[in-house]
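Written below as structure tokens is the structure these notes are about.
Keep in mind the model is a prediction, meaning the values are calculated, not measured.
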Amino acid sequence: MTQKPRTCHLKGIAASAGVGIGKVWILENSKITVRPEKIDDSEVENHLAKFERAVGFLTEEYSELKNIAEADAAAIIEAQLLILNDPELHLSIHQKIEQENDSVVYAIFSSFNEYIKIIEASGSEWLNDRTIDVVSIRDQLIEAAEDKKRELDVSDGAVVFASEISPTVMVKLSQIKIEGIVMRRGGLTSHAVILCQSLGIPCIVGVEWRPLNINNGANVVLDGSSGEIVVWPDPVEVNSYRERERMHLMHVEQGMKIAVKPHKTKCGSEFSLRANVEFLEELPRIKAYGAKGVGLLRTETILFQKKEFNVEDQVEYYSSVVDASGEEAVTVRLFDAGGDKLLDEVEEDANPFLGWRGVRMLLDKSDLLRRQIEAIYRLSGLYPKRIKMLIPMISCIDEIDKVKHHCSIVREQLAESNIPFDAEMAIGIMVEVPSIALMAEMAAAKADFFSIGTNDLTQYTLAVDRGNEKISSLFEPLHPAIWKLIKMTKNGADKHGIPVSVCGEMASRPAAAACLLGMGIKDLSMTTNAILSVKSLLCNHTLDEMEQLSRRVNRAETPGEIHALFDAFQRE
Amino acid sequence: MVIKKVKVKNEEGLHARPSSVLVKTASQFKSDFYIRMYGFKVNGKSILGVMTLAAECGSEMELLLEGPDEEEAADVIAKLFDNQFEMESS
């Protein structure tokens, strides 16, 4: 214990931005001790009631968590709920209390242990698999029955070191002012990380800290933007982290100022930055970052979460997004999943990106398509003039007609059943396959708007598979050819007076966004994290400057030239 | 009483999520549901019971159903085994 503290540098994956300066607090699962204890007959009723209350309490707590959890975490919580309400377990606990006069705590403990012993003896991977943590449920139930909820003895200023953090613990931690979280496991999309981001808690994952014998209470600093951690930092380092913290807070503060600014260039020309949304957890960021509604609502998540995929569930899900968007519009994109993701399809596409996906798959699965169209139309009835529908993966003009045909059938059915809907709801298409960019003028006659998906457009135009590391340097969304296709798309749209937006990664690069504005594309949708930096650049330049930039970009021959133009523009 | 033989086809066996799906589905039916495997018999509506089977890929088991909706329940549950509990293969 009196070992001389030695400075130790660690690096992990940056998961949630911000700087933390505090003391190490190691999260361990504390052990519960239970002694066999008998009760009087007169106490039996009371102990049975305690058990029911404990189950009810935890069931409620988990159910609440399930609602805010992402798909993965929700499945875990679902399994915990099944254990809590396991009929055999209940039977066993009841018997022990009623017939053997065991106390509620001991009845829970021994009933669970019978199962745990068998599972352990089976040599199954179950206990290593933390997906269902039977031991932790047992302990939580005991605590609840004892009527004392275990408080985490974390104090303000702690930097929590953990293997991973369960959704329940994360919610508890979020109520304390902790300085940061370091986890051995946990992906960037894990529930804990998403919560950290929304709460502004610095977080670093993928750090193997256990072999380092870090002590509770050790001084520690961390930077959630770079993934750096220093245990027992020297005073110079602490100061440099204080400086980083100051800078970070300044950026956040400036960002918040930018968030409330009007969407206008320096010269007063208007533009719209909207949010790309995939998970419900992202909804609070729509307002926080001042997004003008949702420019791209991905609907794949709901398909994977809800197997039945019925109209009511969809309407409810979409409504929660519209509700979080103030008075602004929401563009709902039809399922853009490959056929291989569909549960009842066994065959796999050899090349899913060039295969059966998006509208191609939807047109073959007209049931699925109709139900989604119906849900979106019903939504448009609930939120008149605010809903748009977007068709992904269009590569032939006649695919637009086919989808519209389904739309007209759905409209007739809704009208017959007297269900309100917005008959004028805009139906637009993704421009992400080069064929449609080339045919933009004709496509514009059929679509109400275009939304350019630059990631797929890049991949299809440059013949580069994004997932292939050997050629990843060729994946270049700023390639002059992409800009030419965007220009063609815009020109085609202008001929028919339909609006164009960009919802790909390109829009989230500040200088590229400025160039798009210069080309007359003023409606951009991006991941919420990018909105402030894009907006900051756009607000500080005039439309003239952006037009000049786009003219230069259009003359460029190589991606390198465009990068140079963008770098110069950002320095101005 | 309906008895149906099934085989676990999931690569990872009757793991966390498949068990959840199984128990949740079975609980929607009125019929009693037991699973028999290697001489063990567990309540198929009890996730802890199913977990103790530690059934691996390739394990064979019998589904025993008795009650007003036994036929339908047997079909639906057997189907779950066939389509690997509607899990993504990843």
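- Using a 4.5 Å heavy-atom threshold, the side chains of K24(B) and L82(A) count as touching.
- With rounding to the nearest 0.5 angstrom, the CD1 atom of I47(B) is 10.0 Å from the CG atom of L81(A).
- If you take CD1 on I83(A) and OG on S20(B), they are separated by 8.0 Å, rounding to the nearest 0.5 Å.
- Here the straight-line distance linking atom CE of M51(B) with atom CD1 of I116(A) works out to 9.0 Å at 0.5 Å rounding.
- Using modelled atom types, no side-chain atom of N43(B) and backbone atom of E88(A) make a donor-acceptor pair closer than 3.5 Å.
- Closest of all the heavy-atom pairs between Y115(A) and S46(B) is OH-OG, 4.3 Å.
- Summarising the local packing, CD of E72(B) is surrounded by 12 or fewer heavy atoms from other residues, nucleotides or ligands at distances under 6.0 Å.
- By the neighbour-count criterion of 12 heavy atoms within 6.0 Å, atom NZ of K4(B) is densely surrounded, having more than that number from other residues, nucleotides or ligands.
- Rounding to the nearest 0.5 angstrom, the gap separating the CG atom in L53(B) from the CD1 atom in I118(A) is 9.5 Å.
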